[in-house]
Amino acid sequence: MDLPSSPTRQFSLTIIVRVRRERLNRLRDELDKVRCETIKLMDGEAVTASMPFAAMKTIHYARWVLIDHQRAFMTGPQLVLSTNYDGPVGDEHCSESTALPRHIDEMVEHGYVALHRIYGCCEGYNPDSEDPQTIKKRLRDYLKDTSHHYQTSTFYIGAPGRSRDQIFAEADLRRRVERVIDDKQKDPNWPPKDSLAIRRDILGALGETLPSFPPQPSVFEGTAWNLKLLGAVVLLLTAIAVITNGNYLLGQAWPELPWRLAKFLMTAMAGLVVFILYRYLQWIIPEPGRLIRSVLVGALVIIGIIGSMLASWDLLATFDWQIHLIIAAAAFLAASPWKSWKVAFGAGVFVGLAALIVASPGLTRPTVAVWSYAFVVLVLAIALFAVGVGILYKYAKKHLHHLEATDPPFEPYHTKAGFLYAERTSMDENRFYQNQLSNISVVKSGAFRALLLRGVFYALQLLASTVYNKGKLGQIPTIHFARWVLINDGSDALFLSNFDSSWQSYLGDFIDKASTGLTAVWSNTVGYPRTHNLLSAGSEDADRFKAWARHVQVPTHVWYSAYPGLSIRNINDNTIIRRGLAAPDQVPGPQWLDALHGRQS
């Protein structure tokens, strides 16, 4: 099996469709058949499966969840299909728009028999023929329909960059290395004391040259990041200088320049500088940092507007100034982060129009102490901006404390129906070394909670992509893939996770090692134990938290793992073993030996 030399990008797919009530029992039967086949498949039995997941090379994990309990009272029963899948192997820059059709085509090609039966029980799927090619085409159209797709709010990957087949190949490489070591240890003079010599001996016995594989980058660490940050500061100061003093400098350099042309050049100059700043931030901060980039540029814009108002105070009554401000406000709305595809263009236009306000008095202002004047204006603008942000923060914190004190927590109670439901949700737990969790929690009402939850999701996504990208989510070293998805118009938060070991130990890790992040999310959902300042308490009320977690858990009707016997530590250690053999200078000897022996680093 080939080992790629560059990372493979991984994606998440969540498809939710409504189930025809009259076919609900039939759907349960169909899912039960696929469930039994899939368990045998994961057990290694030779089985002819109607949904042959193992033949689908892009899939790491897949599941079907049928939402037919109390949360389906208003929406009707819904079927959730979730997959974690690869883009083209070795293409770390592949876009989702390229990878998704390829993934769906593969699922349909291999599993159209099961898919046809399952989605035949769902609304909107009505194949008018039993011809396999017609069914495949209809399934592709149905599953690619974006109205069924739900965007992932937060997506964590425990072994980023590794395709399914790479994980298989590196596990096989480890087994071969262990066999070589077993054979070598028959020699009483082996192993040598030097780890490099050990690796040379192993490579010689393997008889192959392994391609190197890059380590997961530390985005916000190291000298390179510090230099990039310094460059951003320089560009930011340049943008501020252009906004506050561009007109004066332009007037000094070219005093005969016509007034209208000066305005145009100033607008173009300010817009270009801020656009360059935004693209630079886009380069140094990865894609989940879109909001950070927008906030930085937006703060510059707002400070520029306030500074322009102070600089143009004597012209506030003029119609010309008001027109500029109205246009600038419209551009600000266009640059808002929730319309992200417009941010780069909108932010540049917005700052350019803000520069027009500065341009009003710019060429006529006396040249005496102009730099001092600009500095005072800028300081006042920043102070006003900071005061405004401080007032908003104080109000938000006070409101949060009120909600935390009054939101009722979940009260555990035992009923026969509740016991049977919990038994149903945990039916297939601990069948394999890996397990899965699906739960649906109700988002607390109100715009404040909705906005807060989305802010937390954004922060977690940024951390998952840049900091927690080496096999640990916080300090939890057992999660393969996890995601949160807002469904039912944002009223429910769907959490899907694939993890090592048992449900009890997983929830224990939540309490002991990741309470802060999980509390920040689930504190915005109904019944979660009482929190303090969004991040504290919550899951520390362990018994109540575990009872609540069972209460919001929903049965996973079908679950597939491509490698149910591998832990996330196994997968990451296998990559270190491979890298240590392919590029010994890049992996220190102690780290390589720890990975080989499975020691916790």
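Residue indices begin at 1 and follow the sequence shown.
Among the candidates Val177, Thr209, Leu210, the single residue satisfying the side chain to side chain contact (heavy atoms under 4.5 Å, CB included) test with Leu203 is Leu210. Of the residues listed (Phe481, Tyr468, Phe11), the one engaging Ile157 in a side chain to side chain contact (heavy atoms under 4.5 Å, CB included) is Phe481, and it is the only one. Checked against Val108 for a side chain to side chain contact (heavy atoms under 4.5 Å, CB included), the options Leu115, Ile135, Asp141 give a single hit: Leu115. Of the candidates Tyr85, Tyr563, Tyr560, Tyr61 forms a ring-ring contact (aromatic ring centres under 6.0 Å, His included) with just one, namely Tyr563.
The backbone N or O of Cys94 lies less than 3.5 Å from a partner atom in the side chain of Arg9, making a donor-acceptor pair. Judged purely by atom type and a 3.5 angstrom limit, Asn488 has no side-chain atom pairing as donor or acceptor with the backbone of Ser491. Using a distance-only test at 3.5 Å, with no hydrogens or angles considered, no donor-acceptor pair links the side chain of Arg174 to the main chain of Glu170. Panel note: side chain Gln10, backbone Arg162; a donor-acceptor pair is recorded below 3.5 Å. With Asn572 contributing its side chain and Ile568 its backbone, the two residues share a donor-acceptor pair below 3.5 Å. When atom types are taken as modelled, the side chain of Thr146 and the backbone of His149 share no donor-acceptor pair closer than 3.5 angstrom. A donor-acceptor contact shorter than 3.5 Å is absent between the side chain of Thr152 and the backbone of Val485. A side-chain donor-acceptor contact under 3.5 Å links Asn524 to the backbone of Ala520. Judged purely by atom type and a 3.5 angstrom limit, Arg483 has no side-chain atom pairing as donor or acceptor with the backbone of Leu496. No donor-acceptor pair under 3.5 Å is formed between the side chain of Arg199 and the backbone N or O of Asp194.
Aromatic ring pairs are classed by plane angle as parallel below 30°, tilted from 30° to 60° and perpendicular above 60°; the pair Phe499 and Tyr506 is parallel. Aromatic ring orientation, Trp522 versus Tyr528: tilted (interplanar angle from 30° to 60°). Relative orientation of the His116 and Tyr125 rings is perpendicular, given thresholds of 30° and 60° on the angle between their planes. Note: Phe53 and Trp64 have tilted aromatic rings, judged against thresholds of 30 and 60 degrees for the angle between ring planes. Between Phe495 and Trp484, the two ring planes are tilted [angle within 30° to 60°].
Ion pairing between a basic and an acidic side chain is recognised when a charged N comes within 4.0 Å of a carboxylate O; Arg424 and Asp68 show such pairing. Using a 4.0 Å cut-off between a side-chain N of Lys or Arg and a carboxylate O of Asp or Glu, Lys144 and Asp105 qualify as a salt bridge. Ionic pairing of Arg179 and Asp183 is not present here: no N-O contact between side-chain nitrogen and carboxylate oxygen is shorter than 4.0 angstrom. Under the 4.0 Å criterion applied to side-chain N and carboxylate O atoms, Asp500 and Arg569 are not assigned as salt-bridge partners. The pair Lys33-Asp29 does not count as a salt bridge, with every side-chain nitrogen at least 4.0 angstrom from each carboxylate oxygen. Look at Glu106 and Arg164 and you find no salt bridge, because none of the NZ, NE, NH1 or NH2 atoms lies under 4.0 Å from a carboxylate O. A salt bridge links Glu109 to Arg140: at least one charged side-chain nitrogen sits closer than 4.0 Å to a carboxylate oxygen.
One finds the NZ atom of Lys136 at 11.0 Å from the OG1 atom of Thr134 (value rounded to the nearest 0.5 Å). From Gln78, atom CD reaches atom CG of Leu494 across 10.0 Å, with rounding to the nearest 0.5 Å. Put simply, CG on Asn435 and OG on Ser497 are 10.0 Å apart, with the number rounded to the nearest 0.5 Å. Once rounded to the nearest 0.5 Å, the distance linking CG of Asp428 with CZ of Arg35 reads 4.0 Å. Note that CD1 of Ile476 and OG of Ser505 are 10.0 Å apart. Values are rounded to the nearest 0.5 Å. Rounding to the nearest 0.5 angstrom, the gap separating the CZ atom in Arg117 from the CZ atom in Arg26 is 9.5 Å.
In this structure, Thr154 and Val521 have side chains that are not in contact, with every pair of non-hydrogen atoms separated by 4.5 Å or more. Looking only at side-chain heavy atoms (C-beta outward), Ile198 and Pro192 come within less than 4.5 Å of each other. By the 4.5 Å heavy-atom criterion applied to side chains, Pro52 and Leu41 are not counted as neighbours. The shortest side-chain heavy-atom distance between Lys513 and Pro477 falls under the 4.5 Å cut-off. Counting heavy atoms from C-beta outward, Pro555 and Met427 have side chains that stay 4.5 Å or more apart. In this structure, the side chains of Val65 and Ser82 stay at 4.5 Å or more apart for every pair of heavy atoms. Between Lys184 and Ile202, every side-chain heavy-atom pair lies at or beyond the 4.5 Å cut-off. Side-chain contact between Trp559 and Gln434 is present, with heavy atoms from C-beta onward closer than 4.5 Å.
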Point to revise | Residues Leu79, Leu31; criterion side-chain contact (heavy atoms from CB on, under 4.5 Å); working and verdict | key: CA-CA 10 Å; Leu79 181 64; Leu31 291 173; 4.0 Å; yes
Review point. Yes or no on side-chain contact (heavy atoms from CB on, under 4.5 Å) for Leu596 and Ile181, after CA distance, side-chain angles and deciding distance?
Key: CA-CA 11 Å; Leu596 189 62; Ile181 291 174; 3.5 Å; yes
Check your understanding: Should Tyr119 and Leu81 be marked as a side-chain contact (heavy atoms from CB on, under 4.5 Å) after you check the CA-CA gap, both sets of side-chain angles, and the distance that decides it?
Key -> CA-CA 11 Å; Tyr119 287 103; Leu81 169 63; 3.4 Å; yes
Practice item. Take Thr58 and Arg102 through the side-chain hydrogen bond (donor to acceptor under 3.5 Å, both in side chains) test and state the conclusion after the steps. Key: CA-CA 9 Å; Thr58 60; Arg102 174 177 173 268; 5.8 Å; no
Practice item. Take Asp165 and Ser163 through the side-chain hydrogen bond (donor to acceptor under 3.5 Å, both in side chains) test and state the conclusion after the steps. Key: CA-CA 5 Å; Asp165 284 354; Ser163 67; over 6 Å; no
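The two residues Ile576 and Trp592 have their closest heavy-atom pair at O-CD1, 3.6 Å. Residue Val180 comes nearest to Ala205 through the heavy atom pair CG1-CB, 3.6 Å, listed as atom of the first residue, atom of the second, then distance. The two residues Ser153 and Phe457 come nearest to each other via the heavy atoms CB-CD1, 3.4 Å.
Side-chain N/O atoms of Asp201 and Trp190 include a donor and acceptor closer than 3.5 Å.
Crowding of Lys228 atom NZ: a count of heavy atoms from other residues, nucleotides or ligands under 6.0 Å exceeding 12.
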